[in-house]
Every structure is written in structure tokens, then in C-alpha cells.
Amino acid sequence: MWPFPSDSVMQGYAYILTHPGTPCIFYDHFFDWGMKDEIYRLVSIRTRQGIHSESKLQIMEADADLYLAEIDGKIIVKLGPRFDVGHLIPGGFKVAAHGKDYAVWEKI
């Protein structure tokens with residue numbers, strides 16, 4: 001009845017593929033919408049870092065224009081239009097994926 005906004009689909013995948021739970025990927029998004037590379041990058045991060053349904057989530061910041069969370073101490077996810085978050089990211093993390101209104105850092 002209320003479809004997910006098409007311009008925010010990758011934000012949704014950035015959330016579900018980095019957070020605890022059992023995510024799913026829609027066939028159309030992967031094969032027909034041209035999101036295969038971005039989705040694959042997020043799946044690779046999840047797999048490489050061992051994120052699973054019981055991973056530990058710590059919300060670092062939540063505001064109208066920013067959601068920032070750390071998962072298992074291995075990745076940090078930013079959702080929202082706020083761009084200047086460098087001061088919130090601890091040392092030892094590097095950007096592993098990014099797109100419109102999302103970014104993911106991995107611990108190095």
C-alpha cells in the first residue's frame with residue numbers, strides 16, 4: 001500500500017545488510033534496478049566481518065538527519081543526509097562502501 005521510497009532503497013539495504021537479523025534481497029533490486037554492485041559490496045562486508053542475527057548493536061548517534069551505529073565493534077553504518085561525521089568515527093576504521101545518504105566503515 002505504501003511502497004518504500006525508490007530513492008532510498010540503498011539506504012534500506014545498508015541498514016538490513018549491516019545490522020543483526022536475517023536480511024533478504026529482492027531479485028528485482030539486484031538484477032533489474034542496477035543495484036547489484038552496491039548490494040554485493042554490502043553483502044561482502046557483512047560476510048567478511050561475520051555479522052549475524054545475534055550481533056551486538058550500539059547506536060552511536062541518532063538525530064533527524066543522522067543515524068550512526070556500530071555493529072560488533074567491526075563496522076560503523078551512517079544513514080541520513082548529514083555529511084560531516086568524521087569526528088564521530090573512531091580511529092582504526094576505513095570507508096568500505098558509500099552511496100546516497102549512507103556510508104559503511106570497516107575496522108582495519
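Note that the structure is a prediction, hence the values are computed from the model and not measured. For reference, positions follow the sequence shown, starting with 1.
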Treating Ile, Leu, Val, Met, Phe, Trp and Tyr as nodes and any side-chain heavy-atom pair under 4.5 angstrom as an edge, say whether Ile71 and Ile108 lie in one connected cluster. no

Between the main-chain N or O of Gly80 and the side-chain N or O of Lys78, is there a donor-acceptor pair closer than 3.5 Å? yes

Nearest 0.5 Å, please: how far is CG in Asp37 from CZ in Phe30? 8.0 Å

Could you check if a side-chain atom of Glu70 sits within less than 4.5 angstrom of a side-chain atom of Ile75, using non-hydrogen atoms only? no

Once rounded to the nearest 0.5 Å, what's the spacing between atom OH of Tyr13 and atom OH of Tyr102? 12.0 Å

Identify the heavy atoms of Ser53 and Thr22 that sit nearest to each other, and give their distance. CB-OG1, 4.2 Å

I'd like to know if the side chain of Arg41 and the backbone of Ala97 have a donor-acceptor N/O pair within less than 3.5 Å. no

Where do Gln49 and Lys74 come nearest, in terms of heavy atoms and distance? O-NZ, 2.9 Å

Any heavy-atom pair between the side chains of Arg48 and Glu106 that's under 4.5 Å? yes

Got a second to check how far Ile45's CD1 is from Thr18's OG1, nearest 0.5 Å? 8.5 Å

Nearest non-hydrogen partners of Glu38 and Met10, listed with the distance: CB-CE, 3.4 Å

Distance (rounded to the nearest 0.5 Å) between Leu79 CG and His19 NE2: 6.5 Å

Between Arg82 and Asp63, is any pair of side-chain heavy atoms under 4.5 Å apart? yes

Nearest 0.5 Å please: distance from the OG1 atom of Thr47 over to the OH atom of Tyr40. 8.0 Å

Does Phe83 sit in a hydrophobic cluster with other residues, and if so which ones, taking ILVMFWY side chains as linked at heavy-atom separations under 4.5 Å, directly or through other members? none

Donor-acceptor contact present, side-chain Ser55 to main-chain Ile51, <3.5 Å: no

Rounded to the nearest 0.5 Å, what separation is found between the CD1 atom of Ile39 and the OG atom of Ser44? 11.5 Å

Flag yes if more than 12 heavy atoms outside His29 fall under 6.0 Å of its NE2 atom; otherwise flag no. yes

Nonpolar side-chain network containing Leu66, other nodes, edges under 4.5 Å: Met60, Leu68, Ile76, Val85, Leu88, Ile89, Phe93, Val95, Trp105

Does any part of the side chain of Trp33, heavy atoms only, come nearer than 4.5 Å to the side chain of Val9, both counted from C-beta? yes

List the steps, then state whether side chain to side chain contact (heavy atoms under 4.5 Å, CB included) holds for Tyr15 with Val77. CA-CA 8 Å; Tyr15 181 87; Val77 181; 6.0 Å; no

Tell me if the NZ atom of Lys56 is crowded by more than 12 foreign heavy atoms within 6.0 Å. no

